[in-house]
Amino acid sequence: HFTKSGGGAESDGMVGETVKAFHLLDCDSPDTIHGPHFTESDNRVYAQFIRNVLHGEDILMKSDGSQYRSWCYVVDAVRALLFILMKGESGNAYNVADPGSCFSIRQLALEVASSVGRKVIVELPDEIEKKGFSVVNVATFDISKLLALGYRSDRESWQEKLKATIIEQERFLLEQK
């Protein structure tokens with residue numbers, strides 16, 4: 001999906017005309033995508049947690065972890081986008097997420113930590129730190145349009161996909177040394 005800042009109507013018009021002219025699809029909102037090969041500077045929560053445990057550290061959570069998100073393993077995101085390109089209707093927007101991968105930040109932290117024998121430590125933030133945090137408590141996507149096309153996500157659980165990410169990221173880091 002194209003991100004618009006100002007001139008939204010013009011952007012929408014241009015996108016619509018481009019979609020019609022080239023028979024493109026507007027694939028909207030790949031949700032919180034996770035997978036291996038992230039960088040040391042990747043600031044996403046899953047990357048921070050995995051980086052912590054791979055460095056032999058416990059996970060320090062700066063919230064109660066109740067924020068609930070839909071996540072999507074990178075392979076599943078690519079599969080969904082390819083499926084949309086093959087089966088989707090021109091000019092439609094489709095949300096991309098894995099319905100079997102909705103979990104809280106706390107569940108994520110506990111799963112990452114337990115996979116390598118580490119702990120999760122909760123240290124609630126002070127008022128200044130809180131200002132930088134998301135206030136959205138539930139962020140999941142409706143993928144009913146994608147499912148209506150016949151799309152089905154991979155059968156592996158989100159825990160298995162997360163474990164595969166940790167294993168591959170560890171291998172990737174060792175190769176970088």
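Keep in mind the model is a prediction, meaning the values are calculated, not measured.
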TODO: Indicate the atoms forming the closest heavy-atom contact of Ala77 with Val96, along with that distance.
DONE: CA-CG1, 4.1 Å

TODO: Identify the heavy atoms of Ser63 and Val122 that sit nearest to each other, and give their distance.
DONE: O-CG1, 3.4 Å

- [ ] Check whether any side-chain heavy atom of His37 sits under 4.5 Å from a side-chain heavy atom of Val74, and report yes or no.
- [x] no

Open item on the list: I'd like to know if the side chain of Tyr73 and the backbone of Trp158 have a donor-acceptor N/O pair within less than 3.5 Å.
Closed with: no

Open item on the list: Using side chain to side chain contact (heavy atoms under 4.5 Å, CB included), reason through Leu173 and Arg51 one step at a time and then give a plain yes or no.
Closed with: CA-CA 10 Å; Leu173 290 174; Arg51 211 173 15 254; 5.8 Å; no

Open item on the list: For the backbone of Tyr68 and the side chain of Arg106, can you confirm whether one donor and one acceptor N or O come within less than 3.5 Å of each other?
Closed with: no

Open item on the list: Side chains of Leu54 and Ile166, heavy atoms from C-beta outward: is any pair under 4.5 Å?
Closed with: yes

Open item on the list: Applying side chain to side chain contact (heavy atoms under 4.5 Å, CB included) to Lys161 and Asp98, what does each step give before you reach the verdict?
Closed with: CA-CA 12 Å; Lys161 294 170 187 177; Asp98 179 0; 3.0 Å; yes

- [ ] Give the C-alpha distance, both sets of side-chain angles, the deciding distance and a yes or no for side chain to side chain contact (heavy atoms under 4.5 Å, CB included) between Ser115 and Val53.
- [x] CA-CA 9 Å; Ser115 73; Val53 300; 5.5 Å; no

TODO: Taking Gln169 for its side chain and Pro36 for its backbone only, find out whether a donor-acceptor pair lies under 3.5 Å.
DONE: no

TODO: Compute the centroid of each ring, for Phe38 and then for Tyr46, and state whether the two points are separated by less than 6.0 Å.
DONE: yes

- [ ] Would you indicate whether the side-chain heavy atoms of Ser66 and Ser104 approach each other to under 4.5 Å?
- [x] no

Open item on the list: Using modelled atom types and a 3.5 Å cut-off, is there a donor and acceptor pairing between side-chain atoms of Asn52 and backbone atoms of Glu57?
Closed with: no

- [ ] For Lys145 and Ala93, indicate whether the former's side chain and the latter's backbone hold a donor-acceptor pair under 3.5 Å.
- [x] yes

Open item on the list: Looking at Arg44 and Ile33, would you say the former's side chain and the latter's main chain have a donor-acceptor pair under 3.5 Å?
Closed with: yes

TODO: Determine the minimum heavy-atom distance between Phe83 and Leu146, stating which atoms define it.
DONE: CD2-CD1, 4.2 Å

TODO: May I ask you to test the Gln107-Glu111 pair for a side-chain heavy-atom distance under 4.5 Å?
DONE: no

Task: Verdict with reasoning, Phe49 to Ile105, per side chain to side chain contact (heavy atoms under 4.5 Å, CB included) - done: CA-CA 10 Å; Phe49 291 169; Ile105 302 297; 4.0 Å; yes

Open item on the list: A quick test of your reading: do over 12 heavy atoms of other residues, nucleotides or ligands sit less than 6.0 Å from CG of Leu124?
Closed with: yes

- [ ] Would you mind reporting whether Trp71 and Leu108 have side-chain heavy atoms less than 4.5 Å apart?
- [x] yes

Open item on the list: Tell me the closest heavy-atom pair linking Ile143 and Ala97, and the distance in Å.
Closed with: CD1-O, 3.5 Å

- [ ] Considering non-hydrogen atoms only, spot the tightest contact between Ser70 and Thr140 and give its length.
- [x] OG-CA, 3.3 Å

- [ ] Find the distance between CD1 (Ile59) and CD (Gln48) and round it off to the nearest 0.5 Å.
- [x] 10.0 Å

Task: Spacing of CZ belonging to Phe172 relative to OG1 belonging to Thr165, to within rounding of 0.5 Å - done: 13.0 Å

Task: Side chains of Phe103 and Arg69 in contact at under 4.5 Å (non-hydrogen atoms) - done: no

TODO: Answer yes or no: is there a side-chain heavy-atom contact under 4.5 Å between Leu162 and Ile50?
DONE: yes

TODO: Check for a donor-acceptor pair, side chain of Arg152 on one end and backbone N or O of Leu147 on the other, with a separation under 3.5 Å.
DONE: yes

Open item on the list: Within the structure provided, determine whether Ile84 and Tyr151 are in side-chain contact (heavy-atom separation under 4.5 Å).
Closed with: no

TODO: Output yes when a side-chain donor or acceptor of Glu123 lies under 3.5 Å from a complementary backbone atom of Lys62, and no otherwise.
DONE: no

Open item on the list: To the closest 0.5 Å, what do you measure between CG (Leu60) and CD1 (Ile121)?
Closed with: 6.5 Å

Open item on the list: Check Glu168 with Arg171, please: is the shortest side-chain N to carboxylate O separation under 4.0 Å?
Closed with: yes

